Trainee: 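Before we start, here is the structure in question, set down as structure tokens.
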Amino acid sequence: MRQNLKKVAQIKVDESPKLFPYVFRFKNSCGNCAKRSKPKLIYLLLFSLISSCFVFAPDLLYFPYPSALFLIDSSIKEIENRVSESHIESPKTSQNEESISCDRTGYRSDICFMKGDIRTHSPSSSIILYTSNDLTDNVLPEKIKPYTRKWETSIMETIHELKLVTKDMKRFGDRCKCEVIHEVPAVLFSTGGYTGNLYHEFNDGLIPLYITSKRFNKKVLLVIAEYHKWWEMKYGDVLSQLSDYPLIDFSKDKRTHCFKEAIVGLRIHGELTVDPSQMQDGRTTINEFRNVLDRAYGPRINRLDRLEEQRFHARVAKRRKAQRPKLALFSRTGSRGITNEDLMVQLAQRIGFEVEVLRPDRTTELAKIYRVLNSSKVMVGVHGAAMTHFLFMQPGSIFIQIIPLGTDWAAETYYGEPAKKLGLDYIGYKILPRESSLYEKYDKDDPILRDPNSITKKGWQFTKGIYLNDQKVRLDLHRFKKVLVDAYAKSIS
């Protein structure tokens, strides 16, 4: 009996390395093992015992199979993808999906979302999505003009059209190799159209860009179609608050830029506004955009303040600032100018205001205008693009817009209502016919004076030709004084 047990033990020692040499990490070198007796029953039992250990060991020791680890890792990544994409306005797809999806339901603009292997090809005005799908030849390209005045046919005809193309990676991938690879998304838009007019630069460009790019928290590349160097220089401080990266001139930069995600076009919510109900967080308003301006111009304003204090004694500068509430007046020359502006300034000074007259042109540094308005209690101006500067006023300040004949709707829609949303105390001063230069050109009973709405209903050309380009204002100072006195009382309360 003891001899039999010894034989069994010997077989276990000798045969285990032979059967599973890589488990024990050495090769089978037993040259005489084949000559030994090999009871088949013992082999079978031994093989079954060891096999069972390998089958149940992972469960007993809590080691998941590699396939299980892969599934867990994939699930985590899928959850992370869903979480990250909850901050993105594009359709909720996983990172592995390749897609182009366009929303053309907006009245003001179209916008397209791209995900996957995205590459620019500026010579053909194309943005290409390379996919592994063999059926891409049947997919028609999307076409888009990335400007926010979709309804205005005449100006949209001047905007360069882009093609969003889908191609098969296997067949065409080598024709457009990546030259610059980006790890952050891109937002592509146009600075054509009415760019050059302050109102349109903010309404059609900067505010929609803020709305569209905010979710990326500056980790986004701004790609510009119809790029203008002067525009970048003018708004560089603001753009630096929207993106951490240099701008890309889509037309002139012929290199192939590659992205994993891109948005072509911009969202716009209305006139000079941000609608929180349409924002991802449900809270962002136009006030947050103004905070962006504050951060953009703050450093430059601080430098200007220091320079002023160096020129004037610090105590004198502080006393001058504290003396009177400041009223900033935007002066116009030509159409819609105030012909008795000097008398109006003197009136405001007698009431108690420190008056600063602003005459900005295309070369005026925006930080300097921001500095004046940010420290003013009241802003006054005749309806026009310069009224866009109300965005530079602090919430709670007073904005007085002088409204010439025939401009009621535009004045309230483009500036009055947006100013209220910013939190300004808005006052619309509608001039009387006798305060208009048109009073001297037309009969008192002429519809141009008596019923401007009947004229403006005829179309934009009538409004522009008569009321915008051929009208000046002579304020009834006795009437306007009441507005200024009321504004002064509010500014010192």
Side-chain angles (χ1 to χ4, degrees), residues 100 102 109-114 116-130 141-150 155-167 172-198 200-202 204-210 212-213 216 218-267 296 362-363 366:
I100 298 178
C102 294
S109 68
D110 292 332
I111 187 167
C112 294
F113 304 92
M114 303 179 71
D117 185 348
I118 303 162
R119 308 183 189 186
T120 61
H121 190 256
S122 61
S124 64
S125 300
S126 300
I127 305 172
I128 306 169
L129 172 65
Y130 284 95
E142 295 280 359
K143 296 181 180 180
I144 182 173
K145 294 185 175 183
Y147 189 61
T148 57
R149 298 191 79 81
K150 172 182 170 181
I155 199 64
M156 291 302 287
E157 289 177 350
T158 69
I159 303 299
H160 196 61
E161 185 177 70
L162 300 177
K163 297 187 291 290
L164 312 185
V165 185
T166 304
K167 289 189 176 182
F172 301 102
D174 292 338
R175 299 184 184 180
C176 189
K177 293 183 178 180
C178 294
E179 296 177 81
V180 186
I181 299 175
H182 303 283
E183 296 299 326
V184 297
V187 172
L188 194 151
F189 61 100
S190 173
T191 54
Y194 290 122
T195 300
N197 176 288
L198 185 76
H200 290 288
E201 287 168 2
F202 275 88
D204 304 342
L206 291 176
I207 295 177
L209 179 60
Y210 169 73
T212 308
S213 65
F216 297 117
K218 298 177 69 175
K219 304 303 178 185
V220 61
L221 271 154
L222 305 181
V223 184
I224 304 177
E226 297 167 87
Y227 166 89
H228 304 284
K229 183 63 179 177
W230 66 262
W231 182 84
E232 181 180 359
M233 293 178 66
K234 182 176 182 179
Y235 293 109
D237 292 335
V238 179
L239 297 172
S240 69
Q241 297 300 313
L242 304 181
S243 172
D244 286 334
Y245 305 91
L247 302 181
I248 296 176
D249 181 349
F250 179 79
S251 299
K252 290 187 178 180
D253 192 338
K254 303 300 183 182
R255 296 175 298 173
T256 299
H257 291 265
C258 296
F259 306 91
K260 297 176 182 177
E261 180 179 354
I263 299 176
V264 185
L266 301 175
R267 291 285 193 200
R362 290 175 180 265
T363 64
L366 285 178

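None of these values were measured; they are calculated from a predicted model.
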Trainee: Could you walk me through whether K150 and D110 pass the side-chain contact (heavy atoms from CB on, under 4.5 Å) test, one step at a time?
Mentor: CA-CA 7 Å; K150 172 182 170 181; D110 292 332; 2.7 Å; yes
Trainee: Closer than 3.5 angstrom, by distance alone: can the side chain of S109 be matched with the main-chain N or O of Y147 as a donor-acceptor pair?
Mentor: no
Trainee: When rounded to the nearest 0.5 angstrom, what is the spacing between CD1 in I128 and OG1 in T166?
Mentor: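 If I round to the nearest 0.5 Å, the distance is 10.0 Å.
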Trainee: If you draw the axis of the six-membered ring of F259, does the NZ or CZ of R119 fall within 45° of it and under 6.0 Å from the ring centre?
Mentor: no
Trainee: If you draw a 6.0 Å radius around NZ in K143, do more than 12 non-hydrogen atoms from other residues or ligands fall strictly inside?
Mentor: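 Open: at most 12 neighbouring heavy atoms sit under 6.0 Å from NZ of K143.
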Trainee: How far does CG of N197 sit from CZ of R362, to the nearest 0.5 angstrom?
Mentor: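 N197 CG to R362 CZ: 8.0 Å, rounded to 0.5 Å.
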Trainee: Enumerate the residue pairs fulfilling disulfide bond (SG atoms under 2.5 Å apart) with a member in residues 223-263, sequence neighbours excluded, ordered by first and then second residue.
Mentor: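 Checked against disulfide bond (SG atoms under 2.5 Å apart) - neighbours excluded - the pairs reaching residues 223-263 are C178-C258.
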Trainee: Within a strict 4.5 Å, meaning less than it, do heavy atoms of the I144 and E161 side chains meet?
Mentor: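 I144 does not reach E161 side chain to side chain.
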Trainee: Before accepting this row, confirm whether a basic side-chain N of the pair D244/K219 lies closer than 4.0 Å to the acidic partner's carboxylate O.
Mentor: yes
Trainee: S124: what forms a side-chain contact (heavy atoms from CB on, under 4.5 Å) with it, not counting sequence neighbours?
Mentor: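 Once residues adjacent in sequence are excluded, the partners of S124 under the side-chain contact (heavy atoms from CB on, under 4.5 Å) criterion are H121, S126.
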Trainee: Any side-chain to backbone donor/acceptor pair from E179 onto T256? Under 3.5 Å, distance only.
Mentor: yes
Trainee: Applying ring pair (Phe, Tyr, Trp, His ring centres under 6.0 Å), can you list everything that pairs with F202, at least two apart in sequence or on another chain?
Mentor: Y235
Trainee: List the atom of V187, the atom of G265, and the distance in Å for their closest heavy-atom pair.
Mentor: CG1-O, 4.4 Å
Trainee: Kindly compute the distance separating CD (E232) from OH (Y227), expressed to the nearest 0.5 Å.
Mentor: 3.5 Å
Trainee: Checking K254 now: which residues fulfil salt bridge (Lys or Arg N to Asp or Glu O under 4.0 Å) with it, not counting sequence neighbours?
Mentor: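 Here no residue qualifies.
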Trainee: Can you tell if the side chain of K218 reaches within under 4.5 Å of the side chain of F216, non-hydrogen atoms only?
Mentor: no
Trainee: Between T212 (side chain only) and L209 (backbone N and O only), is there a donor and an acceptor less than 3.5 Å apart?
Mentor: no
Trainee: Kindly determine whether M114 and L164 satisfy side-chain contact (heavy atoms from CB on, under 4.5 Å), including the steps that lead there.
Mentor: CA-CA 9 Å; M114 303 179 71; L164 312 185; 4.0 Å; yes
Trainee: Return the minimal non-hydrogen interatomic distance between R255 and T120, and the atom names on each side.
Mentor: O-OG1, 3.5 Å
Trainee: Looking at I127 and I118, what are the two nearest heavy atoms and their distance?
Mentor: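 What the structure gives for the nearest pair is CG2-CG2, 3.5 Å.
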Trainee: Test side-chain contact (heavy atoms from CB on, under 4.5 Å) on Q241 and L239; report intermediate values, then the result.
Mentor: CA-CA 5 Å; Q241 297 300 313; L239 297 172; over 6 Å; no
Trainee: Just checking, is any N or O donor in the side chain of E226 or S190 under 3.5 Å from an acceptor N or O on the other one?
Mentor: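 Side-chain D/A pair, E226 to S190: present.
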Trainee: Distance from T195 atom OG1 to W231 atom CH2, nearest 0.5 Å?
Mentor: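 Rounded to the nearest 0.5 Å, the OG1-CH2 separation comes to 7.5 Å.
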Trainee: Whether the side chain of S243 engages the backbone of S240 through a donor-acceptor N/O pair (distance < 3.5 Å, no angle test) should be reported.
Mentor: no
Trainee: Could you measure the distance from the CG atom of L266 to the CD1 atom of I111? Nearest 0.5 Å is fine.
Mentor: 6.5 Å
Trainee: Apply ring pair (Phe, Tyr, Trp, His ring centres under 6.0 Å) to H200 and list each qualifying residue two or more places apart in sequence or on a separate chain.
Mentor: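 Scan of H200 (ring pair (Phe, Tyr, Trp, His ring centres under 6.0 Å), adjacent residues dropped) gives Y194.
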Trainee: Nearest heavy-atom pair of S251 and S122: which atoms, and what distance?
Mentor: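 It is O-OG, 4.0 Å.
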Trainee: Provide the closest heavy-atom pair for K234 versus E201 in the form atom of the first, atom of the second, distance.
Mentor: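 Nearest pair, atom of K234 first, then E201: NZ-OE1, 3.0 Å.
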Trainee: Are any side-chain N or O atoms of H228 and backbone N or O atoms of T191, one a donor and one an acceptor, separated by less than 3.5 Å?
Mentor: yes
Trainee: Does I224 form a side-chain contact (heavy atoms from CB on, under 4.5 Å) with F189? I'd like the steps, not just the answer.
Mentor: CA-CA 5 Å; I224 304 177; F189 61 100; 3.8 Å; yes
Trainee: Among residues two or more places apart or on two chains, list those pairs meeting salt bridge (charged side-chain N to carboxylate O under 4.0 Å, His left out) that have a residue in residues 180-198.
Mentor: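 Residue pairs passing salt bridge (charged side-chain N to carboxylate O under 4.0 Å, His left out), neighbours aside: E183-K260.
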Trainee: Which heavy atom of Y245 sits nearest to which heavy atom of V220, and what is that distance?
Mentor: CD1-O, 3.4 Å
Trainee: Among P146, C112, P141, which residue satisfies the side chain to side chain contact (heavy atoms under 4.5 Å, CB included) criterion with L162?
Mentor: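 That would be P146.
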